[in-house]
Amino acid sequence: MSDQDDAKSYKATLNLPETEFPMRGDLVKREPARLEGWESSDLYEKIIAKRKAADAPCYVLHDGPPFANGDVHMGTALNKVLKDLVMKSKSMAGYECPYIPGWDCHGLPIEFKVVKESKGLEPAEIRRRSEAFAREYIDIQRKSFRRLGVLGDWENPYLTLAPEYEADIIRVFATLVEKGLVYQSKKPVQWSYGAQTALAEAEVEYEDVKDIAIYVKFPLVTGDHAGDASMVIWTTTPWTLPANLGIAVHPRFTYLKGEFTHAEKGLTERFIIVKELVETFGAKTGFLPSGELEEIKGETLAGAEAQHPFLDRTSKVILAEFVTTETGTGAVHIAPGHGSDDYLAGQQNDLGLLSPVDDLGNYTDEVGVPELIGQHVHESNIPIIKILAGKEALVGKEKYLHSYPHCWRSKTPIIFRSVPQFFIRIDELRETALGEIDRVDWLPHWGRNRIHGTVESRPDWCISRQRTWGVPLPVFYMPGEELPDINADLARKVADLTESGGTNLWFEHDDAWWAEKLGLPEGTRRCTDTLDVWIDSGSSHVAVMDRHPELSCPADLYLEATDQHRGWFQSSLMLSVAVRDAAPYKTVMTHGFVVDQDKKKISKSAAQKAGKPVDAAYFYNKYGADILRLWVSSVDWQNEVPFGEDLFKQTAEPYRRFRNTLRILLANLHDFDAAKDAVGPDEMTLVDRWIMERLNEVIAECEAAYEAFEFRKVFNTLNQFCAVDLSAFYVDITKDRMYCDAPDSVRRRATQTTMHVVFESLVKLIAPILAFTADEAWEYAGHDTSIHLETFPEPREAFNGSAATEAIEQLTRLRDLAQVAIDAAVKSEAFKKRERAAVQFALPADDPARPVLANSGEEALEFLMVSKFMVEDATGEAGASVMVTDEEECPRCRRSLSVSATTGLCDRCDDVMSSS
RNA sequence: CCUACCGUAGCUCAAGAGUAGAGUGUUCGACUGAUAAUCGAGAGGUUGAGGGUGCGAAUCCUUCCGGUAGGACCA
């Protein structure tokens, strides 16, 4: 027999690892099949039922409804997977975790698309098409969320378009009315002429634009300075000048009056300009002071009237604290119909109100200048500047770069415009809301300041929209009345009528039908507005949490992206404070946006142009949902989340590590039956006890990290454990006994017992993240129910100490010491394998490794993976030298130990062979 | 302009007063009994910059620079 044949024949006598669990994930193929299994066996319901049976406490994460348009992109996927990580980990921590997903269905974005496709539709038809559109995307998104392994009640999600949900929205409105929080008023709102509706603060996005700012002269005609000087205002919106009714100055600022000369034009004028800005004014307009300047206190100017530059009326000088000396002239153009500060100032000073602009943004007759009527305001800046120039009222102009609000849908600039709108009085709610904010846990902590800031300063909430695809504003105008009857009882009746039929009734029937149904006099008209969609989603704590028996309010957790501080968190808070005087949540967690690798915002269109996929489907179809889930777990959700395919791929490698670690454990357990073969802690060897101690730490760390939603820490801890402790050490060191010991030797069984515990613990700890892979491994381990029904492992008390860990630390020290010498020897070709090394350690007398070596001779040898070692006394530092061993290599186990002269095998292998 | 958070190896991130560590990538090597796997080694960091307090600072304080987000201004 040749040596080679020897080796071959002995291979058959080994217990090599064996498993059907595939090394390659093939996730794209396997996950859908597993998913089908989960759904056909009602896994979600089973988990809930199991926790219920165990009388588990509830943990409620209330799902924020994504908008039902568009595919699921990485940002949405991040949000849903984070939620699922929370739910799966809470469930494994022993809670009952009902998860009712929802969708936000009404609103401008959908109506916009529908209307764009075909114009001139009846409202009822717009609504039919909008609903079809929403439902189509709900299905698309639901499919994606399920594919990502997110478990929940997908067959019964909440939809804000559901009749019973709509009815609850109207009931919330009725409650607001009852509490006297709703009023109608004509004051300036942010108006999108592109979408022809008022907008809420959260529907506005800012863009940098270049405008022309102008300086305009208003000659004083009454007061101390009548005929003697002109006020000069500065504005970036010349189109608001026709609505000018006042000029505001700061009461405590000092203004200078005197002669200003424009040298080039040869013009001399008498102006009143705030002291601090005279220089800037000169630089921008060319008008420099050319004589003595008289100081005037702002407050003394009040009440004077100035001539409007091109209209036959005067503009009153008023006082206002908001005037600054940053830009302009210290005199602020006031158009009460076109700005909120302006509006308030106008109210306080009885200026009246002008808003000569229609829904489309065109001037109405009221504008007072014939050639402007019908002109669009944003095409009127130049004509107005020309008019001003013609009247010699234009003092100067400059280009001005600033951020200007735009409609989030139509992308057109927003104008402030006054039309009758409905509002919620925020002042009545503010104090309670602010108090509640401090009772809520905000994660990360600075979320508290963010929402506190917005609630503190937000103006009254404009809740009416001049749109069709939404819940109608349930308000009526009695015959002959200008003002609406805002009536809670009527609203409740509307709610009851729509409970089954839905609010389509509002659009399908006419005023007469409704008047009759509600017992109102003939000639009653309905309000044609719809409610702001933030009322829809903000009412979910009533329409969902109060309605579902398994949920309850306040929820334990709301979890959305940071933009919801202004959006859903706030609308929910306000409505909840109005309805129940308390916040609807105990904890609010926010995550950052998914941004491009170079930290630029991912807009879908820009990413597509650059050929960078951002659709979740692209990634789960190419890499698998578990890779995506692992990526989510590895990410720092508190800040912006940089994303790109390269970054994404980095998590594929750790995935393989997890998978292979589970696989080798499984493979080493192929002939192990815990019920029959497990041994007690006393039988375990040093490395077994060490890995059990490590496992206890890992369990504690992971469970604490899950508790704190620090998934990345779970990821790091487990990755480290698999890569370093298991793969590089434990599995490597125990190979010899696993493969070469007699199958049921105590030593081998002890290690199998350990591996069994490690496997079961590891697979459970990773299950919330690798939802599919963990379940697959669990199945291969012989379980016929899902891993997701399990709970997290408990640390084992027997291994709570650190005795084994301390011993292993010493051995690791020696191993590192030996490694250096071995590497040198291998390099100089003294021998090739570390197993051929004989190591001579030189240790000081008090070296802590000495007792370890003395107490665990054979195990130390195994751990060091060398042929033999000796210890000699060292005077200085510990060291190691190495030479080739004089032992023969056992052909069966390939270790270099003393071998039998007759069989050529080492003692252990000899025993195994002769007894088999 | 104000406020908050952040800035550590090519990349993604750990350590939160006591010799800067992982993963990934990269280079080299071993094994062929975890094999489209596994093991070992190397290279790679004056921890954004400067100053301060400590015996000692990535860590605490301060100024600046850069990034991001809110807010202010504007509307």
Side-chain angles (χ1 to χ4, degrees), chain A residues 7-8 10-12 14-19 21 23-24 188 190 204 206 208-209 211 213 234-237 240 322 324 326-328 335 338-342 400-406 413-416 444-451 453-454 456-457 562-563 565-566 590 592-593 595 597-601 631 634-636 638-642 644 646-654 656-657 659-668 712-713 715-717 719-720 722-724 727-729 731-732 735-736 738-740 819-820 822-824 826-827 832-835 865 892-894:
Chain A
K8 250 190 191 152
Y10 284 121
K11 182 167 178 177
L14 303 175
N15 314 296
L16 292 179
E18 204 182 303
T19 178
F21 184 69
M23 178 150 81
R24 299 202 38 176
Q190 312 204 63
V204 167
Y206 289 77
D208 280 343
V209 293
D211 268 332
W234 176 89
T235 180
T236 58
T237 52
T240 59
F322 59 76
T324 68
E326 271 167 32
T327 50
H338 293 303
S340 56
D341 277 347
D342 302 44
Y400 189 70
L401 186 74
H402 62 152
S403 62
Y404 192 89
H406 287 68
I414 273 163
I415 57 176
F416 266 85
H445 64 92
W446 44 259
R448 181 259 171 206
N449 284 347
R450 190 173 284 191
I451 192 163
T454 56
E456 204 167 27
S457 62
T562 52
D563 57 340
H565 282 123
R566 295 208 313 177
T590 52
F593 286 112
V595 295
Q597 274 177 43
D598 48 14
K599 303 243 169 173
K600 281 182 194 142
K601 251 197 193 125
W631 171 75
S634 76
V635 128
D636 178 18
Q638 296 208 7
N639 294 301
E640 291 202 307
V641 179
D646 294 345
L647 288 181
F648 188 83
K649 275 197 245 172
Q650 283 194 10
T651 50
E653 206 48 48
R656 271 178 220 131
R657 169 130 267 150
R659 191 174 177 94
N660 272 313
T661 306
L662 292 174
R663 182 167 178 270
I664 187 64
L665 292 174
L666 220 40
N668 274 332
R712 136 177 271 162
K713 196 166 182 189
F715 171 85
N716 277 330
T717 302
N719 192 27
Q720 201 101 328
C722 287
V724 180
S727 195
F729 277 86
V731 173
D732 211 33
K735 264 179 195 169
D736 174 68
M738 291 307 301
Y739 303 171
C740 306
Q819 187 69 47
V820 178
I822 290 169
D823 281 336
V826 168
K827 211 163 207 176
K832 284 178 84 178
K833 297 159 67 174
R834 70 173 296 136
E835 286 80 0
M865 292 209 279
R892 182 168 176 274
C893 68
R894 295 173 181 170

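Below, read A as the first sequence line, B as the second, and so on, with proteins coming before strands; counting in each chain starts at 1.
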Using the side-chain heavy atoms of A:L647, tell me which of these nucleotides is nearest: B:U12, B:A41, B:A37.
B:U12
Measure NE2/A:H445 against C1'/B:C5 and give the value in whole Å, please.
8 Å
Should B:G7 be called syn or anti, with syn set as within 90° of 0?
anti
Starting at atom CZ of A:R834, determine the distance to atom P of B:C31, rounded to an integer number of angstrom.
14 Å
To the nearest Å, give me how far apart CZ (A:R450) and P (B:C2) are.
19 Å
Compare the minimum distances between each of B:A14, B:U32, B:G40 and the side chain of A:A728, then state the nucleotide with the smallest one.
B:G40
Among the nucleotides B:A34, B:C13, B:U24, whichever has the atom closest to the side chain of A:P654 is B:U24
B:C39 P sits how many Å from A:M865 CE, rounded?
10 Å
By nearest atom, which of the nucleotides B:U24, B:U35, B:A34 is closest to the A:K735 side chain?
B:A34
How long is the line joining CG of A:D732 and P of B:C31, in whole Å?
14 Å
In terms of side-chain heavy atoms of A:K832, which of B:A34, B:C31, B:G10 is nearest?
B:C31
Are side-chain N/O atoms of A:Q819 and A:D823 paired as donor and acceptor at under 3.5 Å?
yes
Across all strands, who's sitting opposite B:G7 as a Watson-Crick or G-U wobble pair, both distances under 3.5 Å?
B:C65
I'd like to know if A:S727 reaches the base of B:A34 with its side chain such that a donor and an acceptor end up less than 3.5 angstrom apart.
yes
Tell me what A:A667 touches on the nucleic acid: a base, only sugar-phosphate, or nothing, going by heavy atoms under 4.0 Å.
nothing
To the nearest angstrom, how far is A:F21 atom CZ from B:A36 atom C1'?
16 Å
What is the separation between atom CG on A:D636 and atom P on B:U8, rounded to the nearest whole Å?
13 Å
Report the distance from atom CZ of A:R656 to atom P of B:A37, rounded to the nearest whole Å.
7 Å
Applying a 3.5 Å limit to both distances, which nucleotide forms a Watson-Crick or G-U wobble pair with B:G70?
B:C2
If you only use heavy atoms from C-beta on, which nucleotide in B:C11, B:G71, B:A34 is closest to the side chain of A:R566?
B:G71
Taking only the side-chain heavy atoms of A:A723 (C-beta and beyond), determine which of B:G33, B:G25, B:G23 contains the nearest atom.
B:G23
